[in-house]
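Read through the structure below, which is laid out as structure tokens, and then see the notes.
So that the names make sense, note that chain A is the first sequence line, chain B the second, and so on, each numbered from 1. Just so you know, these numbers come straight off a predicted model, no measurement behind them.
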Amino acid sequence: MLSIYNTLTKRKEEFKPINPASISMYVCGPTVYDYFHIGNARSFIMADVIRRYLEFKGFSVKYVMNLTDVDDKIIKKSLQEKKETKFISENYVEAFFEDIHKLKIKPANIYPKATEHMDDIVKLIEELEAKHFAYNINGNVFYDVSKFKDYGKLSGKKINELESGSRIEINEEKKNPLDFSLWKKAKIGEPYWNSPWGNGRPGWHIECSAMSCKHLGKTFDIHAGGNDLIFPHHENEIAQSEAANDKKFVNYWIHFGFLNINEEKMSKSLGNFFTARDILKKYSAEAIRLSFIQTHYAGPLNFSEDLLASSEKGLEKLKNLAVRIMEELNTQNNSGIIPAFDFQYYEDNFISAMDDNFNSPQASAVIFDFIRDINRILAENNNISNEFYQLIKSFLEKTAVGVFGILDFSDYSTLNSVMLEDSLIKFLVNLRIEAKREKNFALSDKIRDGLKELGITLQDSKDKTSYKKYNLNI
RNA sequence: GGCGCUGUAGCCAAGUGGUCUAAGGCGAAGGUCUGCAAAACCUUUAUUCGUCGGUUCGAAUCCGACCGGCGCCUCCA
């Protein structure tokens, strides 16, 4: 049974999909005014892991991630760089797709853009206006928070307490300081769209209500995003959607913890800001993913180069086993033994960890236990049948490859191929074996060191020499 | 001021009433194997879970106080 911690109820709840044949999941995507940072990457990767696990469980998932391409920050950037907003947003949309591809994030089914849903947005605001949840002041339309009686139910905030917080900027036009913009009147030089209230653009929250409803329906299963979106963004989405539709907006709210640098929130102003793009220049996507997977999604994550380096090392174990499997599977051995090994035990443990609110750190521990125990079996037995290697592979295919995305067997599939490069390596390896036989260790070491410089590592075992090519992804 | 999260080995990090004399990764030490390496395996590395009390047959896990760290309430994943 899969249980999920729901921010709305502050409890772990059994996951009951509206329609088990197709789970509806919406994740808040980026505002495309810059390359996304490593904190964004954490949310995107953990949402990806959740999505992959739901698919592992046999669900089909309709996964929607919005791209916010109308926004103050985009306008600001366009003024700074003296380029059209459309140019800025398109540029960073492209960069976004490049980065998530590099991070091995499965693409969403739909990436709706705000600029392509203006009709839906305008229609939603009109509905809110007709139901008296919205008011128009000189072309600026606001949501009247006082009309929505459940306001604050997600974030646990109360309207009167928020007002006394006094950190809210007073806007003369608003009836209540907490009221938020649904439609902003265009200023000179800003991009605008036509509407019943004049030329303008949508407020920040309305696009998500409009687009999620359009693509997933008035009520859908899962809505996920970073912790800081709980208030006001998600709170306001609920207010808009439920006021307009008279239906519960979302069944399960999932929120991701922050990524901190030196125990502090990463932010541009603190100067501890890293884009995913920059991190990817130095560390593999798999190491980034494993670093995140080894911390629970809801808690804070202390990010550092040490963390990535330690994940990179941990990954070696997994890769070494994968290489070995692929080598063995390239030989024909169907007559060997099949050692006793309870694959089901590991799979059951993996599932029960992930079923418990996606406890990926525990599930990753199951994979590492599996690797250790399999390596022991491989060390203790000779002449193992390919069938056994196939079973190992299929466990890893389901877990490390399928759910976590930290391994890709296709990286190793050409390892023992008949390609020229491999033939040459084999030739040198055989030359070295001859040298070793003649106790000419100076020559054998020279060959090994020479290959090492080219990124090829040799490993001797009792009866043969295998090799490993680094930088396979590059 | 309001709301919420958090403090577990050298580092990262699960576990939230008994199977915990506490998983997993990194690091460190020793060993097996090897011409030497590498890889892999084995052993060791927290009698203890911020501090002090309480509840309980039993607590890292519940309650209270205290000390420390962080976040949200304003754009933010």
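- Arg437(A) has its CZ atom 15 Å from the C1' atom of G35(B), to the nearest Å.
- For the residue pair Asp460(A) and Thr465(A), a side-chain donor N or O sits within less than 3.5 Å of a side-chain acceptor on the partner.
- Because its NZ or CZ atom is not both nearer than 6.0 Å to the ring centre of Tyr192(A) and within 45° of the ring axis, Arg201(A) does not count as a cation-pi partner of that residue.
- Near RNA chain B, meaning a heavy atom under 4.0 Å from it, residues 24-40 of chain A has His37(A), Gly39(A), Asn40(A) in order of number.
- Rounded to whole Å, the distance from NE2 on His296(A) to P on C5(B) is 13 Å.
- Here Ser466(A) lies out of heavy-atom contact (under 4.0 Å) with every strand.
- Rounded to whole Å, the separation between the P atoms of G58(B) and G2(B) comes to 37 Å.
- Here Phe441(A) counts as stacked on G35(B): its ring centre is under 5.5 angstrom from the base ring centre and the planes meet at under 30°.
- With C1' as the reference atom, C26(B) and G18(B) are 32 Å apart, rounded to whole Å.
- Taking CD1 from Ile238(A) and CH2 from Trp253(A), the interatomic distance works out to 4.5 Å, rounded to the nearest 0.5 Å.
- For the pair Asn227(A) CG and G71(B) C1', the interatomic distance rounds to 8 Å; values are reported in whole Å.
- Lys174(A) places none of its side-chain heavy atoms less than 4.5 Å from the side chain of Phe180(A).
- Here the NZ atom belonging to Lys446(A) is positioned 12.0 Å from the CG atom belonging to Leu431(A), to the nearest 0.5 angstrom.
- Following rounding to the nearest Å, Gln362(A) (CD) and G25(B) (P) show an atom-to-atom distance of 13 Å.
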Side chain to side chain contact (heavy atoms under 4.5 Å, CB included) assessment of Phe404(A) paired with Leu290(A): CA-CA 8 Å; Phe404(A) 286 165; Leu290(A) 183 62; 5.8 Å; no
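- When the C1' atom of A77(B) is taken as reference, atom CZ of Phe303(A) falls 14 Å away, rounded to whole Å.
- At the heavy-atom level, Leu259(A) lies under 4.0 Å from base atoms of the strands shown.
- Annotation: cation-pi geometry satisfied between Lys73(A) and Tyr33(A) (NZ/CZ under 6.0 angstrom from ring centroid, within 45° of ring axis).
- Without hydrogens or angle criteria, Tyr151(A) side chain to Ser146(A) main chain gives no donor-acceptor distance under 3.5 Å.
- Contacts of Gly299(A) with the nucleic acid, taken as non-hydrogen atoms under 4.0 Å apart, are absent.
- Taking atom CZ of Phe231(A) as the reference point, atom P of C5(B) lies 18 Å away to the nearest angstrom.
- Heavy-atom minimum distance, Gln240(A) versus Ser209(A): OE1-OG, 2.8 Å.
- Atom CG of Asn302(A) is separated from atom C1' of G71(B) by 13 Å (rounded to the nearest Å).
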Indicate for each nucleotide in nucleotides 36-41 of chain B, in 5' to 3' sequence, whether protein heavy atoms under 4.0 Å reach the base (B), only the sugar-phosphate (S), or nothing (-). BBBSSS
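- Computed from coordinates, the Asn6(A) CG to G4(B) P distance equals 16 Å when rounded to whole Å.
- Across all strands shown, Asp369(A) has heavy atoms under 4.0 Å from sugar-phosphate atoms exclusively, and none from any base.
- Within the nucleic acid shown, Lys73(A) comes within 4.0 Å of sugar-phosphate atoms alone, with no base atom in reach, counting heavy atoms only.
- In RNA chain B, the stems built from three or more successive Watson-Crick or G-U pairs (distances below 3.5 Å) are B:1-7 with B:67-73, B:10-12 with B:24-26, B:27-32 with B:40-45, B:50-54 with B:62-66.
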